[in-house]
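Here is how names work: the chains are called A, B, and so on, in the same order as the sequence lines, proteins then strands, and each is numbered from 1.
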Amino acid sequence: MIVSKDIVILSSICYDITVKYYTNLEIAVLFRKMAAAYQILDENRFKIIAYERAADSIEHLTSEVKDLWDDGKLAEIPGVGATIVGHLDELFKTGKVKHFESVMSKVPQSVFPLLSIPGVGPKKAYKLVKELHLRNEKTAIHDLQKAIEKHKVEPIEGFGQRSEEVISENIKTYRKGAVKEKRIVLSEADAIAESVISYLHKQKYVQHIDVLGSLRRRVATVGDIDMAISTTKPKEAITYFCTYPHTKIIEQGPTGASLLLHNGRQVDLRVQDAQSYGAMLQYFTGSKNHNIALRTYALTKGLSLSEYGIKRIQNSEFRIQNKDAKNKDKERIKQFSNEKDFYKYLGMDWIPPELREDHGEIDAALKHTLPNLVNLPGIKGDLHIHTSFNLEPSHDLGENTIEEVLDRADTLGYDYIGISDHNPSTGNHTDEEIIRIMEKRHNFYRDHVENWNNKYNKSIQAFIMLEVDIKPDGSLALPKKAFDSVDAVIISVHSSFSMSKDDMTRRIKSALLAHSKVKILGHPTGRLLGEREGYEADWKEIFRICKERSIALEINASPYRLDLTDALVYDAVKLGCVCSINTDSHHVLEMGQMKYGVSTARRGWAQKRDIINSFGYNEMKKWLMP
DNA sequence: GCCGTTTTCGGCCCGACTGTTTTCAGTCG
């Protein structure tokens, strides 16, 4: 979950520097700084929450706030009301917000870097800055460490010997870079989770194990790995969990424990008995915003939700009176052994974890209009596979032969595949050479696929496709005549990523219109998780053309890409576009990564009808080669 | 400061843990 911690990652973006263009992330950071400042100034806590909400919501937006401002649509952002619209207006017009400046002037800037230390929030940071006279924003953490060495923190009111030690330790953790900033991709998180799960399964008193949090929701990147078990022996289970190889026990209590593993990842375990396991799953799956929305709704029905179950409340006064009568409350709590019943009790359908982001799923669950999401068994083929056939491309060849690819497709139960090697390099060949290579390739695949099917008495169909580069000017890196040797093509950007939004939009648009055999736009945003942000483009415009020309948007299933992103899948599907979930495999093992693309599609509310490779072969052929 | 599922005022999610405390504040998820 996003907390004020990432304020410091961008500490170079000082609020008072006047810049003309603010990115969403910069605005989110600015708002979180405002929330922290308000906390220090003891402002109304709901105002603080409002700024944090607005920051979250802006950070996860698919369009740029600046563009919404241009279109006068700022108020459509959830959590952004009249006041913040006014502030953003001022920010975009003048590069600053007078009200923010006046608030910031009351708070020493050196508190903000301290917020990146785990366990240090705005209040503690402020106290430390004030008592220790930490005036320099750039050296604040270093200066704090020095003060700790001289034991100057211990005597400060509200601190003590133990907190001095803890802060010192946490500064070291932060310095090592072990703190949250580095999220990992789903496949890595899966591997860690599987290892812990098999370790826990060795104990017979462990009944159920489930992965929770962002990993269960299949978010593209994961911070902590959350899991839950139901057991008859909670105490033993937690003690046993803490024997899993680790560098540090971060926390250990009667309801769970957190470990820091050798690889720097944190694993949180929650423990519950079987009767309340459903409520626990629901609660720790999140997202935070989904749970807040769900609880807000429940309150209107006089119900209060927690990880233990659901209890009836009369009014808020009653709640306060009963705060100390906790045990009594627990007796009256309605327990749920599974999630379905939990949601049912609230009058709604069970919500698939991938949808739990407070994007309208609660409303849909109440009205019984949740989408029937696409799933892995519904996938009939993979249209983006590279083989080792050497057509002298400008990018990587695949590592396996067409036969090995067909073997694997058979194992995966596919009806068809698309062979989509990179186009022959244009620099090293004349057009005539490329046309000859492409003809040779076509015959090669036709013969080899037929032979393979005859040999094994199978009937896997292969579309002979190609992944063609979109050149910087928007033309395609394949001579017109060479299109005769393919059934259809995927077009992708593989170079010149840093272009202006307008230029990139023009480039992609012209490539989409370049040839009638263009049927798929490959990894549309070009992002590489943890390495490269996707480029910007006018997606609405691109989606519009794709819909018009019957071109699918690829959901590239590589866990390092997941591109289209979930949020853009949502937009695309809503506009009536179709998508194609492809693995872009360069090795047959990667063909197993289809599940990551499927979960991304599900997070984008995609149904079977929105995904072309859930079509059977005949329908697919009709769509791909009209 | 937001928002309307009790709709333009009066609410706003809930609990665990930690450390410094003797009933609570701060932080976290």
Side-chain angles (χ1 to χ4, degrees), chain A residues 1-5 31 34-36 38-40 42-55 57 75 77-87 99 115 117-127 153-167 170 180 212-214 223-224 226 250-258 266 268 270 279-280 282-311 313 315-317 319 323-324 326 329-330 333 346-348 358 360 362-363 365-367:
Chain A
M1 268 170 249
I2 311 296
V3 283
S4 46
K5 293 297 167 202
F31 281 9
M34 280 301 293
Y38 275 145
Q39 230 165 313
I40 292 166
D42 274 324
E43 252 295 354
N44 175 330
R45 66 190 181 98
F46 297 110
K47 198 194 261 190
I48 297 164
I49 291 169
Y51 272 94
E52 282 172 347
R53 255 204 84 197
S57 149
I77 305 171
V80 171
T83 310
I84 292 185
V85 167
H87 291 331
H99 172 65
L115 297 178
I117 305 168
V120 177
K123 297 268 185 167
K124 283 188 187 174
Y126 181 62
K127 215 163 197 181
V153 169
E154 190 190 326
I156 302 174
E157 198 200 337
F159 293 82
Q161 196 193 338
R162 182 66 193 139
S163 25
E164 190 176 83
E165 285 166 19
V166 169
I167 292 173
N170 287 344
K180 315 270 143 91
L212 308 180
S214 50
D224 298 341
D226 298 313
I250 296 166
E251 205 174 278
Q252 186 177 355
T255 56
S258 298
Q266 184 176 328
D268 298 336
R270 299 284 147 181
M280 143 90 60
Q282 195 289 319
Y283 174 63
F284 281 102
T285 297
S287 66
K288 187 174 109 185
N289 288 337
H290 172 80
N291 282 357
I292 289 174
L294 197 66
R295 286 166 187 209
T296 307
Y297 170 76
L299 274 185
T300 68
K301 303 283 165 206
L303 300 171
S304 170
L305 315 181
S306 79
E307 64 197 270
Y308 301 107
I310 300 177
K311 63 187 173 191
I313 48 169
N315 56 47
S316 51
E317 278 170 41
R319 265 198 290 172
K323 228 179 176 177
D324 47 355
K326 242 185 176 174
D329 268 1
K330 269 193 179 164
I333 207 159
L346 297 172
M348 47 184 91
D358 190 22
I362 292 175
D363 202 33
L366 281 167
K367 292 183 185 143

Query raised in the report: Of the candidate nucleotides B/dT27, B/dC3, B/dG1, which contains the atom at the shortest distance from the side chain of A/Arg53?
Result: B/dC3

Query - Given B/dC14, B/dC13, B/dG1, the nucleotide with the shortest approach to the side chain of A/His99 - result: B/dG1

**Report entry** Close side-chain approach of A/Leu294 to A/Gln282, heavy-atom, < 4.5 Å
**Finding:** yes

Query raised in the report: How close or far is atom P of B/dC28 from atom CZ of A/Arg270, stated in whole angstroms?
Result: 15 Å

Query raised in the report: Just how far, in rounded Å, is C1' of B/dG26 from NZ of A/Lys127?
Result: 10 Å

Report task. Taking atom P in both B/dC28 and B/dT23, compute the distance separating them and give it to the nearest angstrom. Result -> 26 Å

Report task. Select one nucleotide: of B/dC13, B/dG1, B/dT27, the one nearest the side-chain heavy atoms of A/Gln39. Result -> B/dT27

Requested in this report: Can you tell me the distance, in whole Å, between the CE atom of A/Met34 and the P atom of B/dC2?
Outcome: 12 Å

When the side chains of residues 78-86 of chain A are checked against the rest of the protein, which donor-acceptor pairs come out under 3.5 Å, sequence neighbours left out?
none

**Report entry** Separation of atom CG in A/Leu299 from atom C1' in B/dC14, rounded to whole Å
**Finding:** 10 Å

Query raised in the report: On a plain distance test, is the side chain of A/Tyr38 in donor-acceptor contact with the base of B/dG1 below 3.5 Å?
Result: no

Report task. Could you tell me which nucleotide pairs with B/dC14 by Watson-Crick or G-U wobble geometry, both distances under 3.5 Å, or answer none if nothing does? Result -> B/dG29

Query raised in the report: Which whole number of Å gives the distance between the P atom of B/dG4 and that of B/dT8?
Result: 12 Å

Query raised in the report: With a non-hydrogen cut-off below 4.0 angstrom, is A/Ala82 in contact with a base, only sugar-phosphate, or nothing?
Result: sugar-phosphate

Which protein N or O atoms sit under 3.5 Å from an N or O of nucleotides 18-20 of chain B?
unit_1 : atom_1 : unit_2   : atom_2 : d
B/dG19 : OP1    : A/Arg162 : NE     : 2.8
B/dG19 : O3'    : A/Ser163 : OG     : 3.4
B/dT20 : OP1    : A/Gly160 : N      : 2.6
B/dT20 : OP1    : A/Gly160 : O      : 3.3
B/dT20 : OP1    : A/Ser163 : N      : 3.3
B/dT20 : OP1    : A/Ser163 : OG     : 2.6

Report task. For A/Asp363, report the nucleic acid contact type (base, sugar-phosphate, nothing); a contact means any heavy atom under 4.0 Å. Result -> nothing

Query raised in the report: Could you give the CD1-to-C1' distance, from A/Ile84 to B/dC3, as a whole number of Å?
Result: 13 Å

Query raised in the report: Expressed as a whole number of Å, how far does the C1' atom of B/dG15 sit from that of B/dC9?
Result: 29 Å

Report task. Report the distance from atom CD1 of A/Ile40 to atom P of B/dG26, rounded to the nearest whole Å. Result -> 11 Å

**Report entry** Atom-pair distance (CZ on A/Phe284; P on B/dC13), nearest Å
**Finding:** 18 Å

Query - Value in whole Å for how far the P atom of B/dC12 lies from CG of A/Asn291 - result: 17 Å

Report task. Name the closest nucleotide to the A/Thr255 side chain, picking from B/dC17, B/dG1, B/dC14. Result -> B/dC17

Report summary line: The residue, A/Asn44 or A/Ile156, whose nearest nucleotide of DNA chain B is more 5′ is A/Asn44

Report task. May I ask you to say what A/Leu305 touches in the nucleic acid, namely base, sugar-phosphate or nothing, with a heavy-atom cut-off under 4.0 Å? Result -> sugar-phosphate

Query raised in the report: Hey, does A/Phe31 reach any base, or is it just sugar-phosphate, or nothing, if we go heavy atoms under 4.0 Å?
Result: nothing

Query raised in the report: Using atom C1' of each nucleotide, how far apart are B/dC2 and B/dC13 to the nearest Å?
Result: 15 Å

